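As structure tokens, the structure follows; a few thoughts come after it.
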Protein chains: 2
Amino acid sequence: MDTEAVEKVVRMPSVKRLPGYLCILRRFQMQGRELVSTTHLAEEIGLAPIVVRKDLEITGITGKPKVGYPVPELIEGIENFLGWNNATDAFLAGVGCLGSALMGYQGIRNNGLNIVAGFDNDPAKIGSTVHGRSILPLKKLPDLVRRMHVRIGILTVPADAAEEVAQMMISAGIKGIWNFTTVDLKTGPDIVVQKEDLSSGLAALSVKLKRAKEKKEEETES
Amino acid sequence: MDTEAVEKVVRMPSVKRLPGYLCILRRFQMQGRELVSTTHLAEEIGLAPIVVRKDLEITGITGKPKVGYPVPELIEGIENFLGWNNATDAFLAGVGCLGSALMGYQGIRNNGLNIVAGFDNDPAKIGSTVHGRSILPLKKLPDLVRRMHVRIGILTVPADAAEEVAQMMISAGIKGIWNFTTVDLKTGPDIVVQKEDLSSGLAALSVKLKRAKEKKEEETES
DNA sequence: TAGATTGTTAATCGATTAACAATC
DNA sequence: TAGATTGTTAATCGATTAACAATC
């Protein structure tokens with residue numbers, strides 16, 4: 001019986017746009033701005049004001065008509081909503097090109113995720129550090145997940161190892177996997193997987209370029 | 001007057017899923033499979049069969065009832081549709097962690113994009129090679145874009161340099177920018193920009209994890 | 001006060017999903 | 001033949017966009 005609880009709908013497209021607002025708002029805060037309107041935010045991020053207003057709605061932060069939203073409150077509201085106010089520890093498996101880059105990527109650190117160690121099978125990598133974090137043998141991952149209560153795993157291993165390493169993570173207690181492999185992981189219903197796929201962005205770019213080219217050729221003809 | 005031309009609608013969500021099918025199909029081809037049904041493809045990629053059928057529709061490749069689709073034809077059809085049958089040359093600006101990773105990322109090479117050189121302002125990097133490709137001074141980019149007729153630029157520079165470097169690319173003739181910075185680039189209508197944003201994926205993961213946790217706590221209570 | 005901006009409800013648009021005849 | 005699978009049309013769902021009263 002839904003007496004009190006208002007059915008809160010969380011639209012994923014809105015969630016995915018929140019980090020963009022957060023980035024801009026942090027810059028505004030450094031510049032000493034205290035208030036911001038959706039009109040202004042929209043201009044900065046390249047979206048329509050109505051989109052911004054709808055997106056901010058999900059955080060529960062309200063603004064004042066004619067005035068706008070208070071910048072610090074909005075930042076806190078977004079961080080709270082995303083659970084980024086306290087950084088969450090994460091392990092990364094597969095310290096190749098992409099894995100190393102992620103370990104050094106500033107954007108991740110600013111966004112609520114703290115990669116505490118990297119894991120790999122390559123003896124040449126084990127024992128070294130990447131951006132200040134140790135690289136440990138992959139087989140030590142389960143034990144450390146248990147001891148440190150790590151809940152997030154970043155998967156940057158080769159495709160043929162993806163399923164195995166993911167299962168290793170899950171068995172040890174990992175609840176969320178940020179999956180950079182091309183593999184569709186078979187997991188239980190209580191495990192959250194976020195698949196990241198660079199090639200889909202490239203596909204979008206390719207098709208948009210192709211269409212732009214065709215359009216231009218049509219114009220040239222006529 | 002649209003006498004002949006059938007209005008072909010290209011849904012971006014479908015476009016973005018095509019590389020996933022392509023990856024699986026290439027594996028099937030190596031395994032010697034000649035035919036594939038949408039049911040089977042759907043199972044591999046973790047989507048519903050109807051989604052796969054709708055997605056493949058945009059490539060123009062048709063299957064045979066009861067039989068399925070011919071694997072080689074489907075591969076060629078997707079590659080053609082995406083323009084990935086001939087690799088396109090690209091320049092990358094900003095050889096930091098992420099830029100270096102992209103230069104070495106096998107997935108890009110397999111997907112119609114050939115990063116021919118990297119560009120940076122750091123004297124320590126200039127003259128070196130990353131994954132076999134030279135790193136050149138950023139100021140040489142415009143001239144080389146013109147001489148080599150490069151149409152795609154990959155932007156992995158720091159945020160505060162993004163707008164300037166993008167303008168440099170565009171002035172020289174770059175038509176499409178794969179933008180890995182957090183900046184919303186101001187470009188003309190004939191320039192295609194594909195923005196890639198890791199933090200939006202992280203936001204989605206965070207919110208999904210949070211909801212899973214809340215759901216579990218509710219169950220424990222009752 | 002006047003006008004910009006919010007919050008909210010309704011309308012439109014597009015993507016996903018369902019249904020089903022055609023067919024190998 | 002029977003049944004699985006395609007291709008296509010229709011129905012549903014959800015996201016975006018528009019409209020507008022409330023208000024600082």
Side-chain angles (χ1 to χ4, degrees), chain A residues 6-18 20-21 24-25 28 33-71 73-74 77-78 81 184 195 200 203-204 207-208 211, chain B residues 6-18 20-21 24-25 28 33-71 73-74 77-78 81 184 195 200 203-204 207-208 211:
Chain A
V6 183
E7 184 65 32
K8 209 202 285 176
V9 182
V10 177
R11 278 163 299 133
M12 266 305 157
S14 291
V15 170
K16 290 189 170 183
R17 285 189 292 259
L18 290 181
Y21 304 125
I24 292 165
L25 288 164
F28 284 172
R33 296 187 67 98
E34 302 201 341
L35 291 164
V36 69
S37 70
T38 50
T39 322
H40 189 196
L41 257 180
E43 203 177 317
E44 280 290 323
I45 207 168
L47 294 167
I50 178 69
V51 175
V52 179
R53 212 146 11 117
K54 274 282 173 191
D55 287 346
L56 297 184
E57 200 184 274
I58 66 174
T59 66
I61 304 298
T62 56
K64 287 205 181 82
K66 164 83 181 163
V67 177
Y69 297 78
V71 172
E73 223 175 286
L74 204 45
I78 295 175
F81 180 81
D184 172 60
K195 194 155 182 281
S200 66
V207 168
K208 285 190 279 184
R211 284 203 295 192
Chain B
V6 183
E7 185 65 30
K8 211 200 287 176
V9 182
V10 177
R11 279 162 299 132
M12 266 305 158
S14 292
V15 169
K16 290 188 169 184
R17 285 190 293 260
L18 291 180
Y21 303 125
I24 292 164
L25 289 164
F28 284 173
R33 296 187 67 96
E34 302 202 341
L35 291 164
V36 68
S37 70
T38 51
T39 321
H40 189 197
L41 256 180
E43 204 177 317
E44 282 289 322
I45 207 167
L47 293 167
I50 179 68
V51 175
V52 179
R53 214 152 3 122
K54 273 282 172 192
D55 286 347
L56 297 183
E57 199 183 275
I58 65 174
T59 66
I61 303 298
T62 57
K64 287 207 181 79
K66 164 80 182 164
V67 178
Y69 296 78
V71 172
E73 223 175 287
L74 205 44
I78 294 175
F81 181 80
D184 172 59
K195 193 155 181 283
S200 65
V207 168
K208 285 191 280 184
R211 287 203 293 192

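These numbers were taken from a predicted model, which means no experiment stands behind them. Within every chain, numbering begins at 1; the chains are lettered A, B, ... in the order of the sequence lines, protein sequences first and strands thereafter.
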Exercise. State which of D:dT16, D:dA18, C:dT17 makes the closest approach to the side chain of A:Ile50.
Key: D:dA18

Quiz item: Of the nucleotides D:dT16, D:dT8, D:dT6, which has the atom closest to the A:Pro13 side chain?
Solution: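 When the side chain of A:Pro13 is considered, D:dT16 is the closest of D:dT16, D:dT8, D:dT6.
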
Over all heavy atoms of both residues, which pair between [X] and [Y] is shortest? Give the atoms and the distance, please.
X: B:Arg211; Y: A:Val10; value: NH1-CB, 4.0 Å
X: A:Glu44; Y: B:Asp184; value: O-CB, 3.6 Å
X: A:Tyr69; Y: A:Ile61; value: CE2-O, 3.8 Å
X: A:Leu56; Y: A:Tyr21; value: CD2-CD1, 4.2 Å
X: B:Phe81; Y: B:Thr59; value: CD1-CA, 4.2 Å
X: A:Pro49; Y: A:Thr38; value: O-CB, 4.0 Å

Rounded to the nearest Å, what distance is computed from the [atom1] atom of residue [X] to the [atom2] atom of nucleotide [N]?
X: A:Glu57; N: C:dT6; atom1: CD; atom2: P; result: 12 Å
X: B:Leu47; N: C:dA15; atom1: CG; atom2: C1'; result: 14 Å
X: B:Glu43; N: D:dA4; atom1: CD; atom2: C1'; result: 15 Å
X: B:Asp55; N: D:dT6; atom1: CG; atom2: P; result: 13 Å
X: B:Leu56; N: D:dT5; atom1: CG; atom2: P; result: 15 Å
X: A:Lys54; N: D:dA18; atom1: NZ; atom2: P; result: 14 Å
X: A:Ile58; N: C:dT6; atom1: CD1; atom2: C1'; result: 17 Å
X: A:Met12; N: D:dC13; atom1: CE; atom2: C1'; result: 17 Å

Quiz item: Does C:dA18 have OP1 or OP2 sitting under 4.0 Å from an N or O in the side chain of B:Arg53?
Solution: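 B:Arg53 to C:dA18 OP1/OP2: no side-chain N or O under 4.0 Å.
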
Quiz item: Is the shortest side-chain N/O distance from A:Thr38 to OP1 or OP2 of C:dT6 below 4.0 Å?
Solution: yes

Quiz item: Donor-acceptor pair under 3.5 Å: do we get one between B:Arg11's side chain and the base of C:dG14?
Solution: no

Quiz item: So, B:Arg17 side chain and B:Leu47 main chain: donor-acceptor pair closer than 3.5 Å or not?
Solution: no

Quiz item: Taking a pair as Watson-Crick or G-U wobble with both distances under 3.5 Å, which nucleotide is matched to C:dG3?
Solution: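 Checking every strand shown, C:dG3 finds its partner in D:dC24, with both distances under 3.5 Å.
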
Quiz item: Across all strands shown, which nucleotide pairs with C:dT8 by Watson-Crick or G-U wobble geometry, both distances under 3.5 Å?
Solution: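 Pairing partner: D:dA19.
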
Self-check item: Close approaches to DNA chain C from residues 61-69 of chain A, in residue order (heavy atom, under 4.0 Å)
Solution: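 Nucleic-acid contacts, sorted: A:Thr62, A:Gly63, A:Lys64, A:Pro65, A:Lys66, A:Gly68, A:Tyr69.
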
